[in-house]
Amino acid sequence: MPAEPASVIGPSKHADRDLRRAWVAVALLPVALVVAMAVGEGLMSALGYQSGSQEPVPVGPVLLAAIPALLILVAPGVAAVHYGRRAHRAGRREAIVPAWIGGVAAVVVVAQNVVAFLVGR
């Protein structure tokens with residue numbers, strides 16, 4: 001009886017690469033926090049508003065500083081979701097963990113900033 005050809009079973013090497021990228025994105029979340037804070041504060045200062053001042057800042061400058069900072073802050077979470085889901089679909093079942101961590105982190109950061117903006121008004 002001839003031997004049957006070996007079937008390809010298991011995750012592909014692309015799944016391993018995507019899993020690593022998902023975990024790297026999760027690891028970059030604290031770095032993104034620091035960078036986003038620096039960008040937000042820098043943009044507010046460039047627009048002529050001092051950090052911690054008692055006078056209210058108009059909505060326009062707040063949005064001009066907050067939107068780029070928020071995009072920087074959620075980028076690693078979005079990348080973790082993207083690469084985690086790709087690795088999960090390619091056979092790495094454990095890749096759902098960094099995808100969930102990144103997704104939850106991104107949603108929490110956006111919600112926290114929206115609530116802080118609305119309560120601060």
Side-chain angles (χ1 to χ4, degrees):
M1 179 171 235
E4 292 183 20
S7 63
V8 178
I9 298 177
S12 68
K13 64 181 174 182
H14 295 293
D16 293 336
R17 180 195 65 208
D18 289 338
L19 178 61
R20 277 191 307 276
R21 288 181 178 176
W23 279 114
V24 167
V26 168
L28 288 175
L29 285 167
V31 175
L33 175 67
V34 172
V35 172
M37 287 174 48
V39 167
E41 290 295 322
L43 287 173
M44 286 302 289
S45 293
L47 293 171
Y49 297 97
Q50 295 298 337
S51 177
S53 92
Q54 296 298 337
E55 66 183 51
V57 180
V59 175
V62 169
L63 291 177
L64 283 174
I67 290 173
L70 197 56
L71 290 174
I72 290 168
L73 194 52
V74 299
V78 171
V81 169
H82 173 73
Y83 288 118
R85 290 189 66 226
R86 261 180 39 175
H88 186 262
R89 281 193 310 269
R92 294 301 301 255
R93 298 290 174 213
E94 68 274 15
I96 203 70
V97 174
W100 270 99
I101 292 171
V104 168
V107 168
V108 166
V109 162
V110 170
Q112 180 182 10
N113 279 281
V114 168
V115 168
F117 177 73
L118 294 176
V119 170
R121 290 279 125 204

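Only heavy atoms go into these numbers, but all of them, side chains included; no hydrogens, no water, no symmetry mates.
- The nearest pair of heavy atoms linking M44 to V62 is SD-CA, 4.3 Å.
- Membership of the apolar cluster around V39 extends to V24, L28, V31, V35, L43, I72, as traced through chained side-chain contacts below 4.5 Å between ILVMFWY residues.
- Residues V81 and V26 do not share a hydrophobic cluster, defined by chaining ILVMFWY side chains whose heavy atoms lie under 4.5 Å apart.
- Here side chain to side chain donor-acceptor pair (under 3.5 Å) pairs that include residues 34-44, with residues two or more places apart or in two chains, are E41-S51.
- Using a 4.5 Å heavy-atom cutoff, the side chains of N113 and L73 are in contact.
- Residues that satisfy the salt bridge (Lys or Arg N to Asp or Glu O under 4.0 Å) test with R86, not counting sequence neighbours, are D18.
- Put simply, V78 and V114 are part of two different groups of oily side chains (I, L, V, M, F, W, Y) that touch within less than 4.5 Å, one to the next.
- The heavy-atom pair separating A25 from A80 by the smallest distance is CB-N, 3.6 Å.
- Under the 4.5 Å side-chain criterion, counting only non-hydrogen atoms from C-beta, P98 is not in contact with Y83.
- L71 and L29 sit in two unconnected hydrophobic clusters of ILVMFWY residues. Membership requires side-chain heavy atoms under 4.5 Å apart, directly or through other members.
- Under the side-chain hydrogen bond (donor to acceptor under 3.5 Å, both in side chains) criterion, R17 pairs with H14, sequence neighbours left out.
- Scanning for side-chain hydrogen bond (donor to acceptor under 3.5 Å, both in side chains) contacts around E94 gives R92, with sequence neighbours left out.
- A65 approaches P68 most closely through the heavy-atom pair O-CD, 3.6 Å.
- In the hydrophobic clustering of ILVMFWY residues, with side-chain heavy atoms under 4.5 Å counting as a link, V74 and W100 come out apart.
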Can you give the donor-acceptor pairs under 3.5 Å from side chains of residues 104-112 to other protein atoms, not counting sequence neighbours?
none

